[in-house]
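First up is the structure itself, then whatever we jot down about it.
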Amino acid sequence: MKALQMRIGRYACLMTVLAGGVLSDGIHAAEPVCSMKTRSEAVVLMHCPIPLAENAWVEAAQRACGTQPNCNVWIWDDVARMPNEAPKTDADIARDQAAAASAVWVNESKTLMRLKKVR
C-alpha cells in the first residue's frame, strides 16, 4: 500500500509540474512547459523549452490542433531557432529551421516524429 501511495504521490507531483501549478510544499512550479508561438491553417509552431517525455509533447500538440485533422505541430526547444511566422505548409519551413526542430506531431495519423541531429 505504501509503495502505491508513493507512486501516486510522484505522479501527482509530476502532473503539477507539467501543468504549471503549485507543489505541495508551497514551491511554485514553472509556467506551462510548451507554448504555441504562431500558427497557420495547417502548421503550428510550438516552443517546449525543456526536454520532456514524449507524452507531454503529444498532449500539448493535440491541444494545439484540436479536432483539425490537417494540422502538423513543429516543436523546438530553442525559440531563437524557430521561424517568426507559421508557413502555409511544412515545405515552406526553411531547411536550417526545420533541422533545428526537436519533433513534429502529425495530427491526422496521431504520430509524433522525434528529429535527430545527424552529422
Worksheet item: Can you check side-chain contact (heavy atoms from CB on, under 4.5 Å) on M82 and H47, steps first, answer last?
Response: CA-CA 8 Å; M82 296 174 68; H47 177 236; 3.8 Å; yes
Shortest non-hydrogen contact from [X] toward [Y]:
| X | Y | answer |
| --- | --- | --- |
| A103 | L112 | CB-CD1, 3.9 Å |
| P87 | I93 | CG-CG1, 3.4 Å |
| C65 | V73 | SG-CG2, 3.5 Å |
| N72 | D90 | ND2-OD2, 2.5 Å |

Discussion item. Please determine whether the number of non-hydrogen atoms from other residues, nucleotides or ligands lying under 6.0 Å from atom NZ of K110 exceeds 12.
Written reply: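 For K110, atom NZ is crowded (more than 12 foreign heavy atoms under 6.0 Å).
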Nearest 0.5 Å please: distance from the [atom1] atom of [X] over to the [atom2] atom of [Y].
| X | Y | atom1 | atom2 | result |
| --- | --- | --- | --- | --- |
| R63 | M36 | CZ | CE | 11.0 Å |
| N107 | C71 | CG | SG | 5.5 Å |
| W105 | E59 | CH2 | CD | 10.0 Å |
| M46 | C34 | CE | SG | 6.0 Å |
| I75 | S102 | CD1 | OG | 7.5 Å |

Practice prompt. Say whether, by atom type as modelled, one donor and one acceptor occur between the side chain of W74 and the main chain of A86 under 3.5 angstrom.
Written response: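 No, the answer is negative, given that no donor and acceptor are paired below the 3.5 Å cut-off.
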Worksheet item: T67: what forms a side-chain hydrogen bond (donor to acceptor under 3.5 Å, both in side chains) with it, not counting sequence neighbours?
Response: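 Scan of T67 (side-chain hydrogen bond (donor to acceptor under 3.5 Å, both in side chains), adjacent residues dropped) gives none.
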Worksheet item: In the single-linkage hydrophobic clustering (I, L, V, M, F, W, Y; side-chain heavy atoms under 4.5 Å), do V44 and V104 co-cluster?
Response: no
Between [X] and [Y], is any pair of side-chain heavy atoms under 4.5 Å apart?
| X | Y | result |
| --- | --- | --- |
| C48 | V33 | no |
| L45 | P83 | yes |
| Q68 | E41 | yes |
| M113 | V106 | yes |

Item to complete: Check the pair E54 / R114 against salt bridge (charged side-chain N to carboxylate O under 4.0 Å, His left out), numbers first and verdict last.
Response: CA-CA 9 Å; E54 284 188 13; R114 291 191 72 142; 3.7 Å; yes
